[in-house]
Amino acid sequence: MVEDLFNKITELAKRRGFFWPSYEIYGGIAGFYDLGPLGAYLKKNIVELWRKHFVLEHQDYVVEIETPIVGPKIVYQASGHLEKFTDPIVECMKCGRKFRADHLIEEKLGINVEGLSPEELTKIIKENNLTCPVCGGPLSEVKTFNLLFKTQIGPYEGNLGFIRPELAQGMFVAFKRTLEVMRNKLPLGIAQIGKVGRNEISPRQGMIRLREFTIAEMEYFFDPEDEENSCPDYNKVKFDEIKVITCNDKRKGGSPQILSLDEAVQKGIIVHKCLAYWMGVAQRFVEALGIPKSSIMFEEKCPEERAHYSSQTFDQLVKVSRWGWVEVSGHSYRGSYDLSRHEKFSGEELEVFKPFKEPKIVKRKKILVNKAVIGRMFKEKASEIISKIQNLDPDEIEKFISLNKDIIIDNLKIPKEAIKIIEVEEKVTGKKFLPHVVEPSFGIERLIYVVLEYSYKEKDGRVIMSIPRYLAPIKVAVFPLNESEKRLVEKAREIFDILKREFEVMYDDRGSIGRRYARADEIGIPAAVTVDYETLEDNTVTIRDRDTWKQVRVREKDLVDVLKKFIYKNLPLEDIVR
RNA sequence: GCGGCGGUCGUCUAGCCUGGACUAGGACGCCGGCCUGCCAAGCCGGAGGUCCCGGGUUCAAAUCCCGGCCGCCGCACCA
């Protein structure tokens, strides 16, 4: 650590109001941070930029929804979080190390203890006198630890609720209706921005690892068999280059490679082009936050590192001064896992019907049951038996018949003449299937931190936050050149009032003009408008560029227009006034 | 959760080892006044501190001891 940027950012953030630890007056609670006035604006701007890249640019097939933070138990049973997110843990009473109880038993005794309760695991450990594998000390009772925050819905204690650990389940649960509202068209991206909670064991690293944080995420639903239309804008990003390290490379100690997204898809490094597409969009978004491409990389997670729902995951990493590469987004191929689970747990059919361009004629074998024969033979049991026969596999039955074997149902012999296999032609107008899902998911607080870190500059012992202009929490500062000159102050306040309606603006007339520029630079205000004596004569003001310190003089009536071009179009001041 | 280091005005810190003269000092910031014709200028005045919290030792604790909380680092953990 040459210069500790993390400390500098943390100190600045507290002092000027970007962020600080929550519940400070009570000593703070690890893993929770407040956003201050500047942080709240910065977050809003980052979220808005995300929305622009992921939602607005894809408005024809991406929508945004909002779902609750608290969900009932069954949702997290379906999602697998309750089961997979809970670990049975034993602690060594001597050295304090913690172990997975099930792993420990399986390793030492070679028996499978999957699905046993903590009490049963404790019993096994006691009976076999298992001790700490590191120091040999005695082991505690088995406890479970689950990263889900638990709560209670309503006054009934049994009615458990959980705080969502990701946004995804909200979109999956609301998928059916959202699709209906969007007139049943695929592909469909359902985006959401919101808070999630994860009860981390020991959160640290400031804004990087929190117990409660904001995610901007999209579940992108598509037809895995429709290669052509699954990803309509793929061509726009396919030549974008990414730096990527695969799981294999990691295992072999290899290094990242640079290649285009399309090459990565062709070579099978990225399993699906839809996954690749949103990785491309994600990288462009991070670049727009002011992160140079050289500080961005994708890392494939190895199977043991992946979440239970994912068949391939890439993390997008950004290099930060203190911890090296830090994950800012996750890109998972979730397949149809989640929808199939919710189908099972809710009993709702979540399949999508997709009509073929032309109906297909399909030949199909069908079981024909002679109901008269069955009815006469089995009387009141007949209808049950008929439905059971019809649920059998026609090919199987055909085999039985050709082999002259008996068909037995519920211990009853079905006469062969009652069953006939015929081939029918059916008109199929479309297919039903569970869409597949790719998921880009961003942690917004981490983005706030990396934006600040990459904006941090020092010049002549002063701090300048070169936050990209369109992201800056406050866009314009307005100063009278001299606070003791009433006419200047009045004029400056007048201009402040006009600019207020268009931008986030700060008015400041305390101290010398240089000090005010410095204060503005430190919180990343890109433009400073100064009212001077010339203003009083000809209604012109100067605009100073935070980064170059150059000034241009513009007419007051052009001010809003010039500032808009400077801030939102990112043009140099000299070019705008020319 | 274990181990290491740390926690003092808004911020950064001095003091802690060696307990008492500490009414806890400084710098920057902040507020008020003067000054100020473009990059943290100067002068004057002011506000601001549960010395992280609790307990103990002592005549006496910011200072020593114990416990807790919080922060960072390492281990473990982190779908």
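The shown structure was predicted, so the numbers you read here are calculated from the model rather than taken from an experiment. Side-chain atoms are counted along with the backbone in the values below, which use heavy atoms only and exclude waters and symmetry mates. Note on naming: letters A, B, ... go to the chains in the order of the sequence lines (proteins, then strands), and numbering restarts at 1 for each one.
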Under 4.0 Å between any heavy atoms, over every strand shown, what does [X] touch: base, sugar-phosphate, or nothing? Just pick one.
X: R198(A); value: base
X: Q551(A); value: base
X: Q205(A); value: sugar-phosphate
X: T542(A); value: base
X: S310(A); value: nothing
X: V531(A); value: nothing
X: L210(A); value: nothing
X: I513(A); value: sugar-phosphate

Check: Taking C-beta and beyond as the side chain, do V244(A) and F314(A) meet within less than 4.5 Å on heavy atoms?
Finding: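 V244(A) vs F314(A): side chains touch.
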
Watson-Crick/G-U partner (both atom distances under 3.5 Å) of [N]:
N: G6(B); answer: C70(B)
N: G1(B); answer: C75(B)
N: C51(B); answer: none
N: C22(B); answer: none
N: U63(B); answer: none
N: G45(B); answer: C31(B)

Aromatic ring pairing [X]/[Y], orientation class (parallel under 30°, perpendicular over 60°, tilted between):
X: Y333(A); Y: H436(A); value: perpendicular
X: F172(A); Y: F221(A); value: perpendicular
X: F496(A); Y: Y507(A); value: tilted

With rounding to the closest Å, how many angstrom separate the [atom1] atoms on [N] and [M]?
N: U13(B); M: A76(B); atom1: C1'; result: 34 Å
N: U58(B); M: G6(B); atom1: C1'; result: 26 Å
N: C65(B); M: C28(B); atom1: P; result: 35 Å
N: G49(B); M: G25(B); atom1: C1'; result: 12 Å
N: U11(B); M: G48(B); atom1: C1'; result: 13 Å
N: C22(B); M: G32(B); atom1: C1'; result: 29 Å
N: G33(B); M: U18(B); atom1: C1'; result: 46 Å
N: C77(B); M: A14(B); atom1: C1'; result: 39 Å

Between [atom2] of [N] and [atom1] of [X], the distance in whole Å:
X: W20(A); N: G71(B); atom1: CH2; atom2: C1'; result: 18 Å
X: E458(A); N: A40(B); atom1: CD; atom2: P; result: 16 Å
X: Y449(A); N: C72(B); atom1: OH; atom2: P; result: 11 Å
X: L488(A); N: C35(B); atom1: CG; atom2: P; result: 15 Å
X: E522(A); N: U11(B); atom1: CD; atom2: P; result: 14 Å
X: D521(A); N: C38(B); atom1: CG; atom2: P; result: 17 Å
X: K14(A); N: C72(B); atom1: NZ; atom2: P; result: 10 Å
X: F213(A); N: C78(B); atom1: CZ; atom2: C1'; result: 10 Å

Check: Given R322(A) and E453(A), is the salt bridge (charged side-chain N to carboxylate O under 4.0 Å, His left out) satisfied, shown in steps?
Finding: CA-CA 10 Å; R322(A) 189 141 180 180; E453(A) 190 171 302; over 6 Å; no

Item checked: Audit row: T540(A), D538(A), side-chain hydrogen bond (donor to acceptor under 3.5 Å, both in side chains) steps and yes/no -> CA-CA 6 Å; T540(A) 61; D538(A) 62 3; 2.8 Å; yes

Margin query: With side chain to side chain contact (heavy atoms under 4.5 Å, CB included) as the criterion, how do F18(A) and I448(A) come out once you've worked through the C-alpha distance, each side chain's angles and the decisive distance to 0.1 Å?
Written below: CA-CA 9 Å; F18(A) 284 97; I448(A) 292 174; 5.9 Å; no

Next item on the list: Between G206(A) and Y517(A), name the one whose nearest nucleotide on RNA chain B is closer to the 5' end.
Entry: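 Its nearest nucleotide being more 5', the pick is Y517(A).
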
Margin query: Here's a test of your reading of the structure: between R510(A) and A518(A), which maps to the more 5' nucleotide of RNA chain B?
Written below: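 Comparing both residues, the 5'-ward one is R510(A).
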
Item checked: Axial cation check for F32(A) ring with R211(A), 6.0 Å and 45° limits ->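 The answer is no; the distance or angle limit is not met.
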
Next item on the list: Determine, step by step, whether M465(A) and D521(A) satisfy the side chain to side chain contact (heavy atoms under 4.5 Å, CB included) criterion, reporting the C-alpha distance in whole Å, the side-chain angles of both residues, the deciding distance to 0.1 Å, and the verdict.
Entry: CA-CA 6 Å; M465(A) 294 301 286; D521(A) 289 344; over 6 Å; no

Checklist line | Pair Q316(A)-M279(A), side chain to side chain contact (heavy atoms under 4.5 Å, CB included): steps then yes or no | finding: CA-CA 8 Å; Q316(A) 183 177 209; M279(A) 286 164 69; over 6 Å; no

Considering only nitrogen or oxygen atoms on both sides, find all protein atoms under 3.5 Å from nucleotides 27-29 of chain B and state each distance.
| unit_1 | atom_1 | unit_2 | atom_2 | d |
| --- | --- | --- | --- | --- |
| G29(B) | OP1 | R515(A) | NH1 | 2.9 |

[N], OP1 or OP2 - any side-chain N/O from [X] closer than 4.0 Å?
X: N482(A); N: G37(B); answer: yes
X: W323(A); N: C73(B); answer: yes
X: S512(A); N: A41(B); answer: yes

Item checked: Check ion pair E490(A)-K486(A) (N to O, under 4.0 angstrom) ->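 Answer for the salt bridge query: no.
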
Check: Taking N and O atoms by type only, does the side chain of R462(A) place a donor or acceptor under 3.5 Å from a partner on the base of C39(B)?
Finding: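 Side chain to base: pair found, below 3.5 Å.
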
Note to self: Of the options C78(B), C73(B), G37(B), whose atoms approach the side-chain atoms of R322(A) most closely?
What the structure shows: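 For R322(A), the side-chain atoms sit closest to C73(B).
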
Checklist line | Options U36(B), G37(B), C2(B), nucleotide nearest the side-chain atoms of L481(A) | finding: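 In terms of side-chain proximity for L481(A), the closest of U36(B), G37(B), C2(B) is G37(B).
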
Next item on the list: Dump the intermediate steps for side chain to side chain contact (heavy atoms under 4.5 Å, CB included) on D545(A) and Q551(A), then the final yes or no.
Entry: CA-CA 6 Å; D545(A) 179 334; Q551(A) 282 178 296; over 6 Å; no

Item checked: Ring-ring centroid check F442(A) F54(A), cutoff 6.0 Å ->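 Between F442(A) and F54(A), the centre distance is under 6.0 Å.
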
Set out, line by line, the N/O atom pairs under 3.5 Å between protein and nucleotides 66-70 of chain B.
| unit_1 | atom_1 | unit_2 | atom_2 | d |
| --- | --- | --- | --- | --- |
| C70(B) | O4' | G27(A) | O | 3.3 |

